[in-house]
Asker: 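This structure is in structure tokens; I'll ask about it shortly.
Whatever order the structure lists ligands and atoms in, that order sets their numbers, starting from 1.
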Amino acid sequence: MIDYSFVLGVALSSFLICLVNIIYTFIQGRTDKTQNKIFLTIYIILAINSVTEICSGLFGTESFLSDSAFMVIKVSKYVYFATHTILCPLFYYYVSNISFASTRLSNRKAIIISIPMLLTELMALTNPLTHFIWRFDSAGYHREFGMTFIYMAALLYYAMAIVVMVNSWSILSKKRRRALIFFVIMVPAGIIIQLVDKALRVEVLTEILGLSGVMMSIENEDERIYSGTRFYNRSALGLDIGGCLMHNRKMSLIMIHINNHDIINRLVDNRENNVIIDMVSGYIMTVVKRYQVYVSDRSTFVLTLYDEESDKADKKADDILKRFDAAWEYKDFSIMLNATVMVADIPTHIKTVSELFYMLDGNEISSEEKRVLRDDDLGFIMRKQSIEEALSRGFNENSYEVYYQPTYNLDGSLHGAEALIRINDKELGRLFPDEFIPVAEQSGLIDDIDEFVLDEVCKFIKTGIPSKYGLSCINVNLSVVHCMRPGFVEDIIGIVDKYGIKKKRINFEITESIAAGDYEIFKNIISRLRKEGFLFSMDDYGTGYSNVNSIFSLDFDVIKIDKSILWGADENELGMTILENTIRMIQQMKRKILVEGVETKEQKEMLEKLKVDYLQGYYFSKPIPKNDFVKLISIDKARKLM
Ligand code: C2E
Ligand code: CA
Ligand code: CA
């Protein structure tokens with residue numbers, strides 16, 4: 001026996017939950033994306049289904065139905081099937097949409113996929129004529145043969161949704177995965193409960209509850225939003241582009257980079273992080289919709305154009321650049337923004353997410369004179385690919401080589417050397433670290449490179465040659481990316497211990513460029529290695545990464561003033577003042593100073609007057625292969641230069 005008051009109670013609560021969630025979705029303004037629209041349609045259908053269930057609940061109790069009540073029951077059955085039939089297809093479209101699998105109707109595959117839905121829907125709509133799915137007779141309601149088709153079609157879409165989900169697993173955030181699993185479990189759970197006991201009519205309710213989970217975790221996009229804006233953030237960009245690549249979706253990206261962002265942020269007020277975004281967001285939303293915009297950092301935007309829209313990318317990029325010829329208003333300021341606009345097609349120009357980030361972060365962007373970059377200009381992304389290949393084959397083919405550049409005391413005697421890595425690749429020829437180190441840092445190969453250099457240096461020290469010619473230590477560069485990796489300290493100690501050399505013979509150079517959050521970990525790593533006896537130098541002091549505080553708290557032995565500061569002193573009075581004051585300050589902090597990039601006699605003499613401790617640069621020697629270096633130190637060329 002069916003307990004109709006139970007049916008009524010469940011149906012009423014189902015309807016209320018639907019109503020509340022639909023209203024909430026509107027209040028949150030989550031209605032503009034296709035994803036939102038599919039979601040809302042599913043909810044509206046479930047609300048309608050709840051109403052038809054309410055009707056069953058109301059009239060099902062009466063044993064003798066009046067004609068009008070019978071009519072209501074019939075109509076509500078009709079509406080139930082006409083709407084419920086498209087729920088599973090809609091769920092499939094929803095999953096496809098959030099995974100960036102294209103579901104355009106112009107696409108032949110998409111049409112084929114829609115056929116079962118169209119057929120079953122046609123069956124549901126024409127049932128009053130055909131009685132193919134269900135019918136009423138004097139004995140009541142009966143399910144007919146066609147019902148099997150309805151269930152099979154539903155099962156098909158449900159299975160396809162799961163396939164898309166599994167295929168797209170890597171581009172779904174954890175939160176999304178959990179919500180989808182929850183939904184996928186809730187739907188059959190309701191059906192099974194109902195199969196076990198016909199009286200427990202909870203199918204619609206469990207679907208609604210499953211969907212609430214989807215609402216809380218997928219429709220709510222807080223984690224994808226760049227804080228303080230309505231646009232998406234970098235991690236959303238990575239996931240979404242990953243989805244497009246995975247499903248071979250045709251798309252174009254327009255990247256806008258504001259070259260003078262530093263000055264603008266200083267000019268306005270540094271604390272207002274989103275100045276540039278606030279300035280241009282109104283305009284950008286006239287070019288594309290809000291949800292097609294990603295903010296990579298506070299001076300770089302990425303606009304995404306999907307499917308046919310991507311053909312307009314070039315035209316849009318030109319328009320954007322034209323707009324940047326005029327000033328922008330911000331509070332009382334009228335500001336000129338210097339922008340580089342880049343157009344890239346997926347998958348023609350960008351084949352992986354890491355290539356995308358390489359494109360976004362590369363210096364190539366701002367150093368280019370031409371301002372709209374497209375096609376051939378994007379060759380550097382291809383170049384990155386080939387460099388990555390050269391890096392990985394390098395270890396098998398012995399193409400890595402350590403060069404040495406000597407460093408000197410002020411009296412002209414030899415002080416030490418810096419080890420600098422080179423690659424002699426069979427295809428690409430000689431490669432320099434400025435180009436391949438960033439690629440190695442992104443691909444994770446940096447660990448192997450740093451450890452290879454350290455190993456070579458230890459081997460060299462072990463020969464006894466460096467100390468014989470008065471080298472107190474050899475400097476080895478370490479990438480911060482590498483330092484932060486678990487097991488780093490043990491690996492380093494392991495390599496040096498293998499050769500049994502004194503640890504104070506190694507001086508690690510680090511450019512301090514860490515996020516504040518990682519600072520404590522970093523400090524701890526350095527202090528552990530210092531306790532072992534290693535020396536440390538702060539590299540590239542004055543380039544904007546380094547921070548005066550760290551000189552003290554990280555306990556560096558030597559501060560290496562970047563060559564740009566030295567060269568700045570040659571340029572003008574201000575540059576000279578900066579150099580002098582930098583040196584004075586570090587001296588007051590009682591740290592040793594090394595100045596790199598010494599290219600002329602004048603620079604050398606100036607630094608002697610300023611009483612720095614060590615010098616390094618082309619004036620003395622370029623970085624050279626080990627054998628040449630041994631020759632150089634043995635004839636002590638430096639003394640002759642004095
Ligand atoms: P860096 O540590 O600042 O190294 C100094 C760079 O300045 C070297 O470039 C050196 O050749 C160059 N240099 C030295 N004196 C002069 C000079 O008088 N004039 C000019 N114009 N340049 C001079 P290099 O070897 O191309 O290295 C570039 C960067 O690559 C290094 O900058 C360092 O950050 C990185 N690097 C090099 N080897 C390694 C390594 O083994 N591991 C890691 N993690 N990074 C490395
Ligand atoms: Ca260095
Ligand atoms: Ca440097």
Asker: Are E355 and K384 close enough for a salt bridge, meaning some N to O gap below 4.0 Å?
Answerer: no
Asker: Nearest to atom 29 (C) of ligand 1, what protein heavy atom do you find, and at what distance?
Answerer: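 Nearest neighbour among protein heavy atoms for atom 29 (C) of ligand 1, to 0.1 Å: D434 OD1, 3.5 Å.
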Asker: If you measure every N/O of I421 against every N/O of ligand 1, is any gap under 3.5 Å?
Answerer: yes
Asker: Is any NZ, NE, NH1 or NH2 atom of the basic residue among E596 and K563 found under 4.0 Å from an Asp or Glu carboxylate oxygen of the other?
Answerer: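 Yes, charged N to carboxylate O under 4.0 Å.
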Asker: Using a 4.0 Å heavy-atom cut-off, which part of V402 comes near ligand 1: side chain, backbone, both, or neither?
Answerer: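 Neither part.
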Asker: Pick one of side chain, backbone, both or neither for how P623 approaches ligand 1, counting any non-hydrogen atom pair under 4.0 Å.
Answerer: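 Contact part for P623 vs ligand 1: side chain (C-beta onward).
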Asker: Can you check atom 38 (N) of ligand 1: any protein non-hydrogen atom closer than 4.0 Å?
Answerer: yes
Asker: Please walk me through it: do R422 and E401 pass salt bridge (Lys or Arg N to Asp or Glu O under 4.0 Å)?
Answerer: CA-CA 5 Å; R422 300 287 182 266; E401 185 177 359; over 6 Å; no
Asker: Flag the pair R530 and D555 as a salt bridge only when some basic side-chain nitrogen lies within less than 4.0 angstrom of an acidic carboxylate oxygen.
Answerer: yes
Asker: Between E435 and R383, does any side-chain N to carboxylate O distance fall below 4.0 Å?
Answerer: yes
Asker: Nearest to atom 44 (N) of ligand 1, what protein heavy atom do you find, and at what distance?
Answerer: D450 OD1, 2.9 Å
Asker: Would E388 and R393 pass as an ion pair if we require N to O under 4.0 Å?
Answerer: no
Asker: Salt bridge check, D425 against R430: does any charged N sit closer than 4.0 Å to a carboxylate O?
Answerer: no
Asker: I need the nearest protein heavy-atom contact for atom 23 (C) of ligand 1: residue, atom name and distance, please.
Answerer: Y618 CE2, 3.3 Å
Asker: Does K622 qualify as a cation-pi partner of Y618, given the criterion of NZ or CZ under 6.0 Å from the six-membered ring centre and within 45 degrees of its axis?
Answerer: yes
Asker: Which ligand 1 atoms are under 4.0 Å away from a heavy-atom of E596?
Answerer: 3 (O), 5 (C)
Asker: Using heavy-atom distances only, which candidate in T407, D562, I437 approaches atom 46 (C) of ligand 1 most closely?
Answerer: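 Comparing heavy atoms across T407, D562, I437, the nearest one to atom 46 (C) of ligand 1 lies in I437.
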Asker: Would you call D455-K498 a salt bridge at under 4.0 Å N-O?
Answerer: yes
Asker: Any luck finding a side-chain donor-acceptor pair between T407 and H415 under 3.5 Å?
Answerer: yes
Asker: Quick one: does atom 19 (N) of ligand 1 have a protein heavy atom under 4.0 Å from it?
Answerer: yes
Asker: Can you find an N or O of R422 that's nearer than 3.5 Å to an N or O of ligand 1?
Answerer: yes
Asker: With a distance cut-off below 6.0 Å to the six-membered ring centre and an angular limit of 45° from the axis, does R249 pair with F100 as a cation-pi contact?
Answerer: no
Asker: Should the pair E605-K601 be classified as a salt bridge under the 4.0 Å nitrogen-to-oxygen rule?
Answerer: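 Yes, this pair counts.
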Asker: Is the distance between the ring centroids of Y403 and F629 under 6.0 Å?
Answerer: no
Asker: Should D345 and S252 be marked as a side-chain hydrogen bond (donor to acceptor under 3.5 Å, both in side chains) after you check the CA-CA gap, both sets of side-chain angles, and the distance that decides it?
Answerer: CA-CA 4 Å; D345 296 333; S252 294; 2.8 Å; yes
Asker: Any heavy atom of E418 closer to ligand 1 than 4.0 angstrom?
Answerer: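 Checking ligand 1 against E418, which is what was asked, there is a heavy-atom contact under 4.0 Å.
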Asker: Would atom 25 (O) of ligand 1 count as contacted, meaning some protein heavy atom under 4.0 Å?
Answerer: yes
Asker: When you check the side-chain N and O atoms of N424 and S399, is any donor under 3.5 Å from an acceptor?
Answerer: no
Asker: Specify the protein heavy atom at minimum distance from atom 41 (O) of ligand 1: its residue, its atom name, and the distance to 0.1 Å.
Answerer: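 Looking only at protein heavy atoms, the one closest to atom 41 (O) of ligand 1 is V453 CG2, 3.3 Å.
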Asker: Taking N, O or S atoms only and a limit of 3.0 Å, check whether E596 reaches the Ca ion (ligand 2).
Answerer: no
Asker: Do you know which N/O/S atom name in D540 is closest to the Ca ion (ligand 3)?
Answerer: OD1
Asker: Consider ligand 1: state whether an atom of it lies below 4.0 angstrom from any non-hydrogen atom of F620.
Answerer: no
Asker: Can you pull out the closest protein heavy atom to atom 1 (P) of ligand 1? Residue, atom name and distance to 0.1 Å, please.
Answerer: D539 OD2, 3.9 Å
Asker: How does T511 reach ligand 1, if at all, at less than 4.0 Å between non-hydrogen atoms: by side chain, backbone, both, or neither?
Answerer: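 Under 4.0 Å from ligand 1, T511 contributes no heavy atoms.
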Asker: So which protein heavy atom does atom 21 (N) of ligand 1 come closest to, and at what separation?
Answerer: E599 OE2, 3.0 Å
Asker: To the nearest 10 degrees, calculate the angle at the Ca ion (ligand 2) involving OD2 of D539 and OE1 of E509.
Answerer: 90°
Asker: Report the nearest protein non-hydrogen atom to atom 31 (C) of ligand 1: residue, atom name, distance rounded to 0.1 Å.
Answerer: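 Minimum-distance protein heavy atom for atom 31 (C) of ligand 1 reads L420 CD2, 4.3 Å.
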Asker: Answer yes or no: does an N/O atom from W567 fall short of 3.5 Å to an N/O atom of ligand 1?
Answerer: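 Among all N and O atoms of W567, none is under 3.5 Å from an N or O of ligand 1.
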Asker: Give the numbers and elements of all ligand 1 atoms closer than 4.0 Å to a heavy atom of G617.
Answerer: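 Counting from 1, the qualifying ligand atoms are 15 (N), 18 (O).
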Asker: Provide the number and element of each atom of ligand 1 under 4.0 Å from a heavy atom of P433.
Answerer: 24 (P), 25 (O), 26 (O), 27 (O), 28 (C), 30 (O), 36 (N), 37 (C)
Asker: Do the side chains of D450 and R485 get close enough for a salt bridge, i.e. N-O under 4.0 angstrom?
Answerer: no
Asker: Near K563, which atoms of ligand 1 are under 4.0 Å from a heavy atom of that residue?
Answerer: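 That gives atoms 5 (C), 6 (C), 7 (O), 12 (C), 22 (N) of ligand 1.
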Asker: Students should be able to answer this: which protein heavy-atom is nearest to atom 3 (O) of ligand 1, and at what distance?
Answerer: D540 OD1, 3.2 Å
Asker: Looking only at the side chains, is there a donor atom on one of Q616 and K560 sitting less than 3.5 Å from an acceptor on the other?
Answerer: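 Looking only at side-chain atoms, K560 and Q616 do form a donor-acceptor pair, the distance falling under 3.5 Å.
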Asker: Are the aromatic ring centres of Y232 and Y294 under 6.0 angstrom apart?
Answerer: yes
Asker: Do you know which N/O/S atom name in E418 is closest to the Ca ion (ligand 2)?
Answerer: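 For E418, the N/O/S atom sitting closest to the Ca ion (ligand 2) is OE2.
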Asker: Under 3.0 Å from the Ca ion (ligand 2), is there any N, O or S atom belonging to N477?
Answerer: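 Checking N477: at least one N, O or S atom is under 3.0 Å.
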Asker: Does N477, backbone or side chain, put an N or O under 3.5 Å from an N or O of ligand 1?
Answerer: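 Yes, since at least one N or O of N477 sits under 3.5 Å from an N or O of ligand 1.
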Asker: Is there a nitrogen or oxygen of Q405 sitting under 3.5 Å from a nitrogen or oxygen of ligand 1?
Answerer: yes
